[in-house]
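Order of the sequence lines sets the chain letters (A, B, ...), proteins ahead of strands, with each chain counted from 1. Below, all heavy atoms of this structure are taken into account, side chains as well, without hydrogens, waters or symmetry copies. Fair warning: this is a prediction, and the values are worked out from it, not measured in the lab.
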Protein chains: 2
Amino acid sequence: MAKRESNVDRVYEALRRMAADFAFKPDQRINESALSEVLGASRTPLREALNRLVAEGFLTFQNNRGFFCRPLTPSYIMDLYEARVAVECEAARLACTRAPDEDIAALADYLNRMEPEYQSATDPEELLAMDESFHARLAQLSGNSELQRILNNLNGRIRYIRLIDLKRMRDRAGGKAPGDISAHRQIVEGIAARNTDAAVTAMRSHIEKRREEATEAVRIAFSQLYVPDE
Amino acid sequence: MAKRESNVDRVYEALRRMAADFAFKPDQRINESALSEVLGASRTPLREALNRLVAEGFLTFQNNRGFFCRPLTPSYIMDLYEARVAVECEAARLACTRAPDEDIAALADYLNRMEPEYQSATDPEELLAMDESFHARLAQLSGNSELQRILNNLNGRIRYIRLIDLKRMRDRAGGKAPGDISAHRQIVEGIAARNTDAAVTAMRSHIEKRREEATEAVRIAFSQLYVPDE
DNA sequence: GAATTCGGAATTGAATACAATTCACAGGCC
DNA sequence: GGCCTGTGAATTGTATTCAATTCCGAATTC
């Protein structure tokens with residue numbers, strides 16, 4: 001009957017959401033007292049949550065100066081996507097080597113079941129959730145929980161960038177870009193055939209394509225908001 | 001004139017060192033009050049440091065039960081090394097693509113200057129520091145700070161395992177295993193020649209060899225200490 | 001007028017206090 | 001004997017307090 005979720009967890013989730021929604025401007029100093037009032041908790045649990053977010057790379061911290069929202073530079077976005085390539089390509093490789101046939105089939109099946117929803121969905125958040133879910137499931141096939149963990153962290157930080165990307169695609173195409181699910185299918189087929197090179201190549205080009213889109217989307221969206229240092 | 005390092009930082013470093021030295025047994029519950037006395041700080045900064053370590057994967061946390069040392073299972077070690085393969089192979093690939101010639105030459109030079117020291121060193125900690133330094137520098141060549149960050153985290157958690165490995169190698173060979181530096185040289189040569197496949201292949205086989213050694217070392221060292229669940 | 005220094009206000013750093021929860025063990029019940 | 005239950009001790013969760021540091025603007029000097 002007791003609460004299962006602690007205050008720190010609640011605050012942490014709220015902060016992640018706020019970060020993803022751009023409640024903090026890049027490089028903005030975060031006022032602990034004000035934030036703790038907004039979140040309805042004291043500074044102690046708030047600071048614990050903030051420390052977690054620093055360790056995960058969402059925020060930065062300076063001694064005696066406090067917590068800051070991480071600036072959003074093109075090179076930072078590039079770094080995140082390149083790290084995703086590293087993690088997801090290796091996950092695909094490992095999945096090829098050792099994922100059970102039935103698990104691969106389950107993922108293919110999931111893709112099929114999702115397709116109609118994917119085709120009809122217009123809400124960027126919904127699309128993003130489905131896309132992330134696919135990539136997370138694929139990482140699961142690797143059987144490596146560290147890769148899953150790192151991917152989860154990277155995706156958390158990439159999320160708002162991808163949201164911008166998806167919103168842009170929606171606005172431009174009037175609905176959605178249908179290329180995605182075929183790329184996903186191609187990756188799964190490569191794994192099902194135990195064709196490591198095909199799967200890894202498909203994954204790499206898929207993510208790199210997304211990176212280019214996202215970089216472009218962010219460039220457009222923020223070119224007038226603020227000028228990055230590099 | 002004021003202190004540049006905060007109490008949290010000090011506590012954090014101390015905890016990392018303690019974790020690396022096996023001051024906590026796997027799955028052991030960490031008593032905050034006792035630990036704060038040992039470290040000479042109150043529970044507030046201690047808990048902030050512990051939260052950071054949880055986010056970085058050194059410890060685990062359960063609601064209302066506290067912090068626990070992460071259990072050391074063979075599959076966990078395997079996961080860490082596989083993640084290293086993912087990160088470092090991609091770093092090598094990126095270095096091939098875009099690292100400046102002079103930076104690559106500087107790394108080769110570093111390797112040359114280090115060789116005599118590497119050949120004569122017998123202290124495992126010293127050897128480990130040199131080895132980690134090489135890998136960190138190589139990751140720097142990628143120009144991707146996320147990959148560097150992830151590698152740094154993985155190496156921090158792998159460190160004590162590698163220490164066991166190196167100690168075992170020293171004890172067995174009476175000095176050190178001379179294969180290492182040649183593997184490092186091979187990787188750098190691949191990058192210098194802009195031969196991506198060669199560099200990545202060398203990197204992969206190097207780390208995988210180390211993984212096997214480490215897995216074996218840990219199996220031997222801990223087979224009688226405690227029996228992992230899986 | 002520009003740079004600098006000084007002082008109060010605001011903010012962060014850390015300790016303490018107390019509430020909430022879990023743990024461990026004794027006792028009772030089947 | 002084994003299992004459940006209740007109670008006190010130990011431990012964690014959070015708020016509050018106060019000290020240390022930084023921030024910001026006004027006064028001062030050159």
From CZ of Phe67(B) over to C1' of dT12(D), roughly how many Å is that when rounded to an integer? 9 Å
In whole angstrom, what separates Asn64(B)'s CG from dA19(C)'s P? 17 Å
When Arg65(A) and Glu48(A) are each assigned the nearest nucleotide of DNA chain D, the 5'-most assignment goes to Glu48(A)
Taking atom P of dA15(D) as reference, at what distance in whole Å does atom CD of Glu37(A) sit? 12 Å
Please list, chain by chain and in numerical order, all residues satisfying ring-ring contact (aromatic ring centres under 6.0 Å, His included) with Phe134(B), sequence neighbours excluded. His184(B)
Pairs under 3.5 angstrom only: tabulate donor-acceptor contacts from the side chains of residues 37-46 of chain B to other protein residues two or more places apart or in another chain.
residue  : atom : partner  : partner atom : Å
Ser42(B) : OG   : Thr44(B) : N            : 3.4
Arg43(B) : NE   : Glu32(B) : OE1          : 3.1
Arg43(B) : NH2  : Glu32(B) : OE1          : 3.1

Starting at CD of Gln62(A) and ending at P of dT21(D), how long is that distance when rounded to a whole Å? 17 Å
Can you tell me how far C1' of dA14(C) sits from CG of Leu46(B), to the nearest Å? 12 Å
Of all the nucleotides listed (dT14(D), dA15(C), dT22(D)), which has the minimum atom distance to the side chain of Asn7(B)? dA15(C)
To the side chain of Ala41(A), which of dG13(C), dA15(D), dA15(C) is closest? dA15(D)
Please report, rounded to the nearest Å, how far the C1' atom of dT12(D) is from the CG atom of Leu59(B). 16 Å
Pair Glu90(A) + Arg93(A): basic N to acidic O under 4.0 Å: yes
In chain order, what residues pass the side-chain hydrogen bond (donor to acceptor under 3.5 Å, both in side chains) check against Asn153(B), with sequence neighbours excluded? Arg157(B)
Scan nucleotides 5-8 of chain C against the protein and return all N/O pairs shorter than 3.5 Å with their distances rounded to 0.1 Å.
none

Using a heavy-atom cut-off of 4.0 Å across all strands, would you classify Ile30(A) as base, sugar-phosphate, or nothing? sugar-phosphate
Between Pro45(B) and Ser33(A), the residue closer to the 5' end of DNA chain C by nearest nucleotide is Ser33(A)
Extract from the structure each pairing of a protein N or O with an N or O of nucleotides 16-19 of chain D at less than 3.5 Å, listing the distance.
residue : atom : partner  : partner atom : Å
dT16(D) : O4   : Thr44(A) : OG1          : 3.4

Taking side-chain hydrogen bond (donor to acceptor under 3.5 Å, both in side chains) as the definition, give me every residue that meets it alongside Ser33(B), ordered by chain and number, with sequence neighbours left out. none
For Asp109(A), salt bridge (charged side-chain N to carboxylate O under 4.0 Å, His left out) partners two or more places apart: Arg113(A)
What is the distance, to the nearest angstrom, from the CZ atom on Arg47(B) to the P atom on dG13(C)? 17 Å
Glu88(B) vs His206(B) side-chain heavy atoms within contact, under 4.5 Å: no
Under 4.0 Å, heavy atoms only, any strand: does Phe61(A) hit a base, just the sugar-phosphate, or nothing? sugar-phosphate
Donor-acceptor pairs under 3.5 Å, side chain of residues 48-60 of chain A to any protein atom, not counting sequence neighbours: which ones?
residue  : atom : partner  : partner atom : Å
Glu48(A) : OE1  : Arg47(B) : NH2          : 3.3
Glu48(A) : OE1  : Asn51(B) : ND2          : 3.0
Glu48(A) : OE2  : Arg47(B) : NE           : 2.7
Asn51(A) : ND2  : Arg47(A) : O            : 2.9
Asn51(A) : ND2  : Glu48(B) : OE1          : 3.0
Arg52(A) : NH1  : Asp9(A)  : OD1          : 3.2
Glu56(A) : OE1  : Tyr12(A) : OH           : 2.5
Glu56(A) : OE2  : Tyr12(A) : OH           : 3.1

Tell me: CG of Asn31(A) to P of dG13(C), nearest whole Å? 12 Å
Who pairs with Arg98(A) by side-chain hydrogen bond (donor to acceptor under 3.5 Å, both in side chains), at least two apart in sequence or on another chain? Glu82(B)
